[in-house]
Amino acid sequence: MSPSDKENSAINLQAQGVYKIINELKRRILGSFMAFIIPFGFGLCFAKKIIAYLIGIFPFHSIGYIQTNLTESWGLSFKIAFLIGLIFIIPVSVYNYIKFNENLFKGRQILQNYLCLIIAYFMFLMGIALAYSKIIPAVSYLLYGYGTEIKSTAIIFTLSNYINFCIEIMTFTGFMLAVPATLIYGAKTQILTQYKLKKLFKFLFMSIVIISFLIAFMNPLFEFILLLVFALLFYILGLFLCKLFE
């Protein structure tokens, strides 16, 4: 084989490797996209039942809801479906990232990354369940129960305000359980270090801003800022835990 043939063969092998990587990347991106679209579709189909369940956990029976416009219920259904899609796409995207970059991790590190992902997702779902079963009824009673001693008092508010209130409590509780557990495990297993967190600060900051905005969209600016502040506090907590376990 002549030198030119060897060179062409090497170029072809390199091109095949690049095409293989590109196809793998496309497949991972498509999988993440489908992980959002399918749950989003199911969320739209079952949004009315989810709204009914959320209304059912309110601790008072003498309550009325009003719609401020004709599209309010559609907006709520879309928001619920959107959040369900986010719940699925985030762990699937992290999984695809780990799988796509397996060559960057050692065998034990891959297992630790998967365990970290499982812990975060499990704790987030536990937070949602805890908020649904205990926190939302308790907070509702605390906020709205004071005036119910007066018999002439009627509790009436917009449907969107109540559903937004429930969504915020559930997502906030989920993150309050998931993020510290993930930071503790990540710092203890050296998946997270101060160097990595500082190096990824810009990426993490933009991710925090985008996720906080997506969770709080259609809500007042104050709630967006509140979510952003707590997310940044968790970032600082991560730096501290990494320093603690180094």
#### Entry: Closest approach of Leu177 to Gly127 (non-hydrogen atoms, all atoms of both residues)
CD1-CA, 3.5 Å
### Task
Verify the ring-centre separation between Phe175 and Phe124: is it less than 6.0 angstrom?
yes
### Distance in Å, Ile90 CD1 paired with Phe36 CZ, rounded so as to fall on 0.5 Å steps
10.5 Å
### Query
Closest heavy-atom contact between Leu44 and Ala81?
N-CB, 3.5 Å
### Task
Kindly compute the distance separating OG1 (Thr173) from OH (Tyr132), expressed to the nearest 0.5 Å.
14.5 Å
### Message
Using a 3.5 Å distance criterion without hydrogens, assess whether the side chain of Thr171 forms a donor-acceptor pair with backbone atoms of Glu168.
### Response
yes
### Message
Using the rule that Ile, Leu, Val, Met, Phe, Trp and Tyr join whenever any side-chain heavy atoms are under 4.5 Å apart, tell me whether Ile84 and Val92 fall into a single cluster.
### Response
no
### Query
How many angstroms lie between atom NZ of Lys26 and atom CZ of Phe33, to the nearest 0.5 angstrom?
15.5 Å
### Query
CG/Leu130 to CG/Leu125 distance, rounded to the nearest 0.5 angstrom?
12.5 Å
### Message
Check for me, please, whether Ile87 and Ile37 land in the same ILVMFWY cluster - side-chain distances under 4.5 Å, paths through other members count.
### Response
yes
### Message
Please report the interatomic distance SG(Cys166) to CD1(Ile51), rounded to the nearest 0.5 Å.
### Response
10.5 Å
#### Entry: Inter-residue atom distance Leu115.CG - Tyr185.OH, 0.5 Å rounding
4.0 Å
### Summary
Between Gly31 and Asn96, the two heavy atoms sitting closest are C-ND2, 4.3 Å
### Query
Do Phe40 and Phe88 pass the ring-ring contact (aromatic ring centres under 6.0 Å, His included) test, and can you show the C-alpha distance, the side-chain angles, and the key distance before you say yes or no?
CA-CA 9 Å; Phe40 179 84; Phe88 280 89; over 10 Å; no
